Every structure is written in C-alpha cells, then in structure tokens.
Amino acid sequence: WYKFSNSGGGDSGPKQEALTLKKHSDDFNKAVALAMDAYFEMKDAFVDADTAKAKEGCRKFILLLDSIPLEELKKDTMNIYDVAFMSYSGIKANAESLLQQASILEMRKDFSMVSENLFPFFRTINYEGEKMYWQNCPMAFGDDKGANWISNSTTIVNPYLGKNHPEYKGSMLHCGEVKDTIKAQ
C-alpha cells in the first residue's frame, strides 16, 4: 500500500528550463531530403534486384550525404553533433562498403546497416522533413534474420525479398510491417 500526499516536500529549487531544439536551415533540410531521395532510389533498385542501379543510387546517396551541413548541429545543446556524427559515420562506411560488393546479398546486408544507422540519425537531428516509415521484414536474411529499412510510404515494398528473389520470386514483395514513424517533432 502506498500513501500519496501533496502536502509539501519535493523540490523547491529553481525550475529547470525545458530543452529546446533549434530549427534547421532550409539548406540543411533540403540536403537531408535530397540524400533520402537517393536512398529511396537505392531501396527501389533492391526491390527490382538491380545491382547496377543500387550502386548508382548509393553513389548519389554518398555524394548527397556529404552535402548535409552537419556543422549546423553544433549550435544545438547536449552534443547532438557528436551523436549525429557517429551515426553519419556508420551510414557512410556501410554505403561505401556496399559499393565494393559483388553479391546482391552482401549489398543488401550493407543497405541494412545503412538503414540501421539512418534511423538513430533522424532521431538525433530532430528531423524536420516529410514523414517516413521505419519498416521491418522478419525474414530478410533467412527465417530468423530480419532487417529494417526506411520508406516514404506505409505500403510495404520489401527491398530484401523484392520482385525477383531466387527462392520466393515476387511472392514476398509485401512481407513486412511498419514499426515506427519518422516525423518532424
């Protein structure tokens, strides 16, 4: 049994100010949106199992990723730049690894890791763009090995099992579910 009382006690010190995140510049938001357009091109190429287009989209993604003015995050509090830069470094390293792969399976694994780093990146930077969706396929790399990706639609179009999977053909194209929404705060 608990006894609740509001008869005094508690902290009577000064109130702590609420944390405020600064709005990003139009250049920052536009750079993020353009990079994500290239990411979506890469995702769509994986749906079609087109490795050439996936690599083309990945090269564009890396170039556009480099154009995001991350320095702007230094004006925020709580080391937001440092945390965002760690995710950014993971995104870039896995995207560059994807370009070195010959196998679509290995490319998809790197794409998965790009996605795994993008999700916390958006949480950290206080994303201000169009709504996106964090999606999951529970069997992307086998019955017990799922993977996630980001989509600009709630409709599941699976980049891991896609239209031309060697085992499932196109039957698993819509395998997956929306796990979270990435939206402006």
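All values below were derived from every heavy atom in this structure, side-chain atoms included, with hydrogens, water molecules and symmetry-related copies excluded. Keep in mind the model is a prediction, meaning the values are calculated, not measured. Nothing fancy with the numbering, it's 1 onward along the sequence.
Looking at N117, its side chain does come within 3.5 Å of a backbone N or O of M113 through a donor-acceptor pair. In this structure a side-chain-to-backbone donor-acceptor pair under 3.5 Å is present from H24 to I125. A donor-acceptor pair under 3.5 Å is absent between the side-chain atoms of S97 and the main chain of A93, judged by distance alone.
Looking only at side-chain heavy atoms (C-beta outward), N29 and V32 stay at 4.5 Å or farther from each other. Side chains of Y81 and E71 form a contact here, defined as non-hydrogen atoms less than 4.5 Å apart. With a 4.5 Å cut-off on side-chain heavy atoms, R108 and P159 do not count as touching. Counting heavy atoms from C-beta on, the side chains of N126 and I80 never come closer than 4.5 Å. Between M139 and L161, some side-chain heavy-atom pair lies under the 4.5 Å cut-off. You'll find the side chain of I156 reaches within 4.5 Å of the side chain of Q135, heavy atoms only. Using a 4.5 Å heavy-atom cutoff, the side chains of F85 and L70 are in contact. The side-chain heavy atoms of K55 and M42, taken from C-beta on, include no pair separated by under 4.5 Å.
For the residue pair E116 / N148, a side-chain donor-acceptor distance below 3.5 Å is found, with atom types taken as modelled. In this structure, a donor-acceptor pair under 3.5 Å is absent between the side chains of E177 and N136.
In summary, E41 and K53 do not engage in a salt bridge, as defined by a charged side-chain N under 4.0 Å from a carboxylate O.
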Note to self: As a quick check of understanding, evaluate side chain to side chain contact (heavy atoms under 4.5 Å, CB included) for K109 and N94, giving each step before the final call.
What the structure shows: CA-CA 9 Å; K109 286 179 180 177; N94 285 288; over 6 Å; no
Checklist line | Audit row: I91, F121, side chain to side chain contact (heavy atoms under 4.5 Å, CB included) steps and yes/no | finding: CA-CA 9 Å; I91 294 164; F121 177 76; 4.0 Å; yes
Next item on the list: Apply the test side chain to side chain contact (heavy atoms under 4.5 Å, CB included) to residues F122 and M132: give CA-CA distance (whole Å), side-chain angles for both, the deciding distance (0.1 Å), then the verdict.
Entry: CA-CA 10 Å; F122 284 119; M132 296 184 291; 3.5 Å; yes
Next item on the list: List the steps, then state whether side chain to side chain contact (heavy atoms under 4.5 Å, CB included) holds for Y39 with I150.
Entry: CA-CA 9 Å; Y39 171 91; I150 296 173; 3.8 Å; yes
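Using a 4.5 Å cut-off between side-chain heavy atoms of Ile, Leu, Val, Met, Phe, Trp and Tyr, with links allowed through other members, I68 and F119 fall into the same hydrophobic cluster. In the hydrophobic clustering of this structure, L99 does not group with F40; members are Ile, Leu, Val, Met, Phe, Trp, Tyr whose side-chain heavy atoms approach within less than 4.5 Å, directly or through other members.
Applying the side chain to side chain donor-acceptor pair (under 3.5 Å) test to every pair with at least one member in residues 156-176, sequence neighbours left out, gives these pairs: D48-K163.
Atom-to-atom distance recorded for F111:CZ and F46:CZ is 6.5 Å, nearest 0.5 angstrom. The OH atom of Y127 sits 12.5 Å away from the NZ atom of K183 when rounded to the nearest 0.5 Å. Distance check, rounded to the nearest 0.5 Å: OG1 of T154 to NZ of K131 gives 9.5 Å. Interatomic distance, NZ of K92 versus OG of S87, reported as 15.0 Å (0.5 Å rounding). In this structure, CZ in F61 is found 10.0 Å from CG in D66, a value given to the nearest 0.5 Å. Interatomic distance, CG of L34 versus OG of S67, reported as 7.0 Å (0.5 Å rounding).
Considering only residues two or more places apart in sequence or on other chains, E56 meets the salt bridge (Lys or Arg N to Asp or Glu O under 4.0 Å) condition with none of them.
Enclosure of atom CD in E106 by more than 12 non-hydrogen atoms of other residues, nucleotides or ligands within 6.0 angstrom is indicated.
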